[in-house]
Protein chains: 2
Amino acid sequence: MHDHASCIRAALAHAESHCAREGLQLTPVRLRVLEILLEGHRALGAYEILDRLRDEGLGGQPPVVYRALDFLLRAGLVHRIETLNAFAACAHAGKGHVPVFLICRQCRHVIETPAPAGGQLERAAEGAGFAIETTVREAEGLCADCRIAA
Amino acid sequence: MHDHASCIRAALAHAESHCAREGLQLTPVRLRVLEILLEGHRALGAYEILDRLRDEGLGGQPPVVYRALDFLLRAGLVHRIETLNAFAACAHAGKGHVPVFLICRQCRHVIETPAPAGGQLERAAEGAGFAIETTVREAEGLCADCRIAA
DNA sequence: GTCGTTCTGTTATAATATAACTCGCTTGGC
DNA sequence: GCCAAGCGAGTTATATTATAACAGAACGAC
């Protein structure tokens, strides 16, 4: 069983020490967005997050959320899920990593795993004279819980 | 050097025979959308395609383009590029394949390569009880031409 | 013919994202 | 103390991407 409370605590502790070390400001809005994303290992759309913030009297307009997300993305504390146009908290405490996501199409649960060491793709790119800067790898399907429920 | 004229001809021939075989209707709008995507190996947004169609007096509203794209996607003649929210013609004549894309962030040139046989990711999914249905793999960077131009 | 299906046309609107400008706060120099 | 610079947040407006919902035309099955 996943000890989610300690998982959240660890992620927040990492975020704070990381920002302190790098001289980044983990302001209330940014922290709150991170906390909201950490609540479940789920992808949330920017506007879902915005609704939550509004309920709490924090930032009321889209740019507030997008700026916070932009900060968290650049700090490596959050990932963007391209296939959902959504966002999920990083589950790997900022160790430099190329994440791969298993995304449940039903409940939006996101499992983040380390990328299988590539090589083959990199060699193909090399051959084409293509310089890879970032890669995205996402698999969509049904998570264990939703398979059982189905 | 890439013989693009014959590349287009082959893709169109494949599309027609594929649709004939499967009983799919490659209507004028659908064909035209495919042709537009085939013009360059580039990703185009739905609204870029729509503008082209409008200039030619074809479908004038978004649903027309999205429906044509939906048809072409399901027929395997076109791929969606998730990181760009855009679309590119399939470069591999419909052989059942899991495509991987090398996407130039500057000129949107798209190179489609066959996926390196996975295994590792599938095993990770298996271990988590996750049933993969589709996967997306996209690398962004600079293509050979844009590297030279830079 | 007329019924059902498929494709297209159209209006309207939803969902996602950013531009541009304002203000207030901190902080460092003087 | 005062001011200027920089950064973050607030706000308005708008751009971009995508879909819902319904009307009409074309065509084959019967």
Side-chain angles (χ1 to χ4, degrees), chain A residues 15-16 19-20 22-34 36-37 42-75 77-88 103 105 108 136 138, chain B residues 15-16 19-20 22-34 36-37 42-75 77-88 103 105 108 136 138:
Chain A
E16 293 192 16
C19 289
E22 304 281 330
L24 302 172
Q25 298 184 45
L26 192 56
T27 62
V29 178
R30 293 168 177 178
L31 176 60
R32 195 67 196 108
V33 169
L34 179 58
I36 288 170
L37 285 173
R42 276 177 177 65
L44 295 181
Y47 282 73
E48 294 179 83
I49 298 169
L50 179 55
D51 287 344
R52 295 284 310 272
L53 289 183
R54 273 205 255 253
D55 290 348
E56 302 170 9
L58 271 163
Q61 299 304 324
V64 173
V65 165
Y66 280 102
R67 281 189 298 230
L69 287 169
D70 189 55
F71 170 88
L72 294 168
L73 286 168
R74 278 187 286 108
L77 300 171
V78 158
H79 298 294
R80 181 178 165 85
I81 308 295
E82 296 291 348
T83 52
L84 298 177
N85 291 328
F87 304 85
I103 304 155
R105 64 171 155 77
R108 288 192 151 195
V136 170
E138 300 176 3
Chain B
E16 294 193 14
C19 289
E22 304 281 329
L24 302 172
Q25 298 185 46
L26 194 55
T27 63
V29 179
R30 293 167 178 180
L31 177 60
R32 196 66 197 109
V33 169
L34 179 59
I36 289 169
L37 285 173
R42 276 177 177 66
L44 295 181
Y47 281 72
E48 292 179 83
I49 298 169
L50 179 56
D51 287 344
R52 295 284 310 273
L53 290 182
R54 275 206 254 252
D55 291 347
E56 302 169 10
L58 271 164
Q61 300 303 327
V64 173
V65 165
Y66 280 100
R67 282 188 298 230
L69 287 169
D70 189 56
F71 170 87
L72 294 166
L73 286 168
R74 277 186 288 109
L77 299 169
V78 157
H79 298 294
R80 181 177 165 87
I81 309 295
E82 296 290 348
T83 51
L84 299 177
N85 291 329
F87 304 86
I103 305 155
R105 67 172 153 77
R108 288 193 151 195
V136 169
E138 301 175 2

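Below, chains carry the letters A, B, ... as their sequence lines are ordered, and counting in each starts from 1.
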If only atom types and distance count, is the side chain of B:R32 paired as donor or acceptor with the main-chain N or O of B:L53 below 3.5 Å? no
Is B:R30 reaching over with its side chain to a backbone N or O of B:A68, donor-acceptor style, under 3.5 angstrom? no
Expressed in angstrom and rounded to an integer, what is the separation of [X] atom [atom1] from [N] atom [atom2]?
X     : N      : atom1 : atom2 : answer
A:L26 : D:dG8  : CG    : P     : 11 Å
A:D70 : D:dG8  : CG    : P     : 11 Å
B:L50 : D:dT16 : CG    : P     : 13 Å
A:L72 : D:dG8  : CG    : P     : 12 Å

For nucleotides 18-30 of chain D, read 5' to 3', which letter fits each nucleotide if B means a protein heavy atom sits under 4.0 Å from the base, S means only the sugar-phosphate is that close, and - means neither? BBBB---------
Within the structure provided, determine whether [X] and [Y] are in side-chain contact (heavy-atom separation under 4.5 Å).
X     : Y      : answer
A:E82 : B:V136 : no
B:N85 : B:R80  : yes
B:Y47 : B:V65  : no
A:V78 : A:L34  : yes

Taking for each residue the nucleotide of DNA chain D with the nearest heavy atom, is it A:V64 or B:G45 whose nucleotide lies nearer the 5' end?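 Closer to the 5' end of DNA chain D: A:V64.
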Chain B reaches DNA chain C, atoms under 4.0 Å from its heavy atoms, from C:dT6 to C:dT11
CG/B:L77 to CG/B:L24 distance, rounded to the nearest 0.5 angstrom? 8.5 Å
Residues A:E48, A:R42: salt bridge by 4.0 Å N-O rule: no
